[in-house]
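Before any comments, here is the structure.
Chain A is the first sequence line, chain B the second, and so forth, proteins listed ahead of strands; every chain is numbered from 1. Any value given below was found using the heavy atoms of this structure, including those in side chains, with hydrogens, waters and symmetry copies removed.
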There are 2 protein chains.
Amino acid sequence: MTEQTQAARRPTRQRAAIAQALTGTVEFRSAQEIHSSMAGDGTRVGLATVYRNLQAMAADGEVDVIRTADGEAVYRSCATDDHHHHVVCRSCGLAVEVTGDAVERWAEAVAAEHGFTQVRHTVEIDGLCAECAARR
Amino acid sequence: MTEQTQAARRPTRQRAAIAQALTGTVEFRSAQEIHSSMAGDGTRVGLATVYRNLQAMAADGEVDVIRTADGEAVYRSCATDDHHHHVVCRSCGLAVEVTGDAVERWAEAVAAEHGFTQVRHTVEIDGLCAECAARR
DNA sequence: GCGCTTCATGACAACGATTCTCATTCGGGA
DNA sequence: TCCCGAATGAGAATCGTTGTCATGAAGCGC
Ligand SMILES: [Zn+2]
Ligand SMILES: [Zn+2]
Ligand SMILES: [Zn+2]
Ligand SMILES: [Zn+2]
């Protein structure tokens, strides 16, 4: 009822190119970065289209999106479709995926404890990766 | 040593008014909302000043700031200075503060596990508060 | 209280990420 | 192939936030 699942998006050259550009990267990148990266590869796609597709893909759970400290949305195609979180390097942007029952349960429990339902959560961890720490 | 932080900000009427406007609210509000709320109370303060002060206060840890889904920065004066997180109602904005050793330890552990150091984290939980859920 | 130096403020311009508009193009089912 | 609606692209428009700079207010030594 409240489903209405897959709106069945239409496959286009642009969409494929964006998905393509997203693969093989471990850093989160902004729509604009992805756009110019594609332009650099000779792939010509409108900026608005990049934004639209990234949003759609994020909505469909195909890619993860997080907000940088200054509010910019950055995207990344993740290895798994399952719910997970990230540990991001503040210096180089390296991002590894992590999961943890502990947090999931804690979030659920603490929310319920305060009478909240339909709970969701966002968890992001950031620090310096081993490599960047060594380079200091 | 590496301390000496406190830049000793100068106390002004505006700064006080903003701090004032921030007290007694359980919702997170944007700089603009706070600004017009003050204007409504007859308190005249420049918008840029509101932005500047909120940022400064956030930097000093006097207030908490989180990003809404659409990237807008929203602020709130918290009851405690200690590290904590929030459970926010998606419908009415009500926010309650929560703490949990479990998450803190998990974040630290999972980051260390991947070689990360100088770890920080952000955790936000959102759902429907009891009241809003009932009103459905 | 009197200047002086420095920081804060306010009005408004400037910015930049994202979204909107709308004419044009394209995908896919009949 | 033909048609219709979804997708695209170029550029304008939004809008939160930041920068500029002349003016005002704090703090300080006198
Ligand atoms: Zn991921
Ligand atoms: Zn989770
Ligand atoms: Zn709080
Ligand atoms: Zn925490």
Without placing hydrogens or testing angles, list every side-chain donor-acceptor pair under 3.5 Å for residues 47-55 of chain B, not counting sequence neighbours.
residue	atom	partner	partner atom	Å
B:T49	OG1	B:R52	NH2	3.4
B:Y51	OH	B:Q32	NE2	3.3
B:N53	OD1	B:R15	NE	3.4
B:N53	OD1	B:R15	NH2	3.0
B:N53	ND2	B:T49	O	3.0

Which pairs of donor and acceptor atoms, one on a side chain in residues 85-97 of chain B, lie under 3.5 Å apart (sequence neighbours left out)?
residue	atom	partner	partner atom	Å
B:H85	ND1	B:V123	O	3.3
B:H85	NE2	B:H83	NE2	3.1
B:H85	NE2	B:E104	OE2	3.0
B:H85	NE2	B:H121	NE2	3.2
B:H86	NE2	B:D64	OD2	3.3
B:H86	NE2	B:H84	NE2	3.2
B:R90	NH1	A:Q118	O	3.3
B:R90	NH1	B:D126	OD2	2.4
B:R90	NH2	A:Q118	O	2.8
B:E97	OE2	B:R76	NH2	3.1
B:E97	OE2	B:A79	N	3.4

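No side-chain donor-acceptor contact under 3.5 Å links A:R29 to the backbone of A:V74.
Using five terminal pairs a side, the axes of the helix from C:dG1-D:dC30 to C:dA30-D:dT1 at its two ends make an angle of 30°, given in steps of 10 degrees.
Note that OG of A:S77 and CD1 of A:I18 are 12.5 Å apart. Values are rounded to the nearest 0.5 Å. Within the model, atoms CZ of A:F116 and SG of B:C132 stand 8.5 Å from one another, a figure rounded to the nearest 0.5 Å. Annotation: the span from A:W106 atom CH2 to A:D101 atom CG amounts to 15.0 Å, rounded to 0.5 Å. Taking CD from B:E33 and OG1 from B:T25, the interatomic distance works out to 10.5 Å, rounded to the nearest 0.5 Å. Here the CZ atom belonging to B:R13 is positioned 7.5 Å from the OG1 atom belonging to B:T43, to the nearest 0.5 angstrom.
Side-chain contact annotation: B:D70 with B:T68, donor-acceptor N/O pair under 3.5 Å present.
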Determine, for nucleotides 16-21 of chain D in 5'-to-3' order, which nucleotides have protein heavy atoms under 4.0 Å from the base (write B), from only the sugar-phosphate (write S), or from neither (write -).
BBBBB-

Heavy-atom contacts, protein to nucleotides 25-30 of chain C, under 4.0 Å, summarised as B (base), S (sugar-phosphate only) or - (none) per nt, yield -BBS--

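For the pair B:M38 and B:A21, the tightest heavy-atom approach, listed with the atom from each and the gap, is CG-CB, 3.8 Å. Residue B:H114 comes nearest to B:V110 through the heavy atom pair CD2-O, 3.1 Å, listed as atom of the first residue, atom of the second, then distance. B:T117 and A:A133 get closest at one heavy-atom pair: OG1-CB, 3.9 Å.
Scanning residues 33-46 of chain B for heavy-atom distances under 4.0 Å to DNA chain C yields B:R44, B:V45, B:G46.
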What's the verdict on side-chain contact (heavy atoms from CB on, under 4.5 Å) for A:L22 and A:E62, showing C-alpha distance, side-chain angles and the deciding distance?
CA-CA 11 Å; A:L22 232 22; A:E62 285 178 53; over 6 Å; no

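For the pair B:M57 CE and C:dA8 P, the interatomic distance rounds to 14 Å; values are reported in whole Å. Atom CZ of A:R9 is separated from atom C1' of D:dA7 by 11 Å (rounded to the nearest Å). The CG atom of B:L54 sits 11 Å away from the P atom of C:dT9 (whole-angstrom rounding).
A:D70 comes within contact range of no nucleotide atom at all, as no heavy-atom separation falls under 4.0 Å.
Within the 4.0 Å cut-off from OP1 or OP2 of C:dA8, not a single side-chain nitrogen or oxygen of B:T49 is found.
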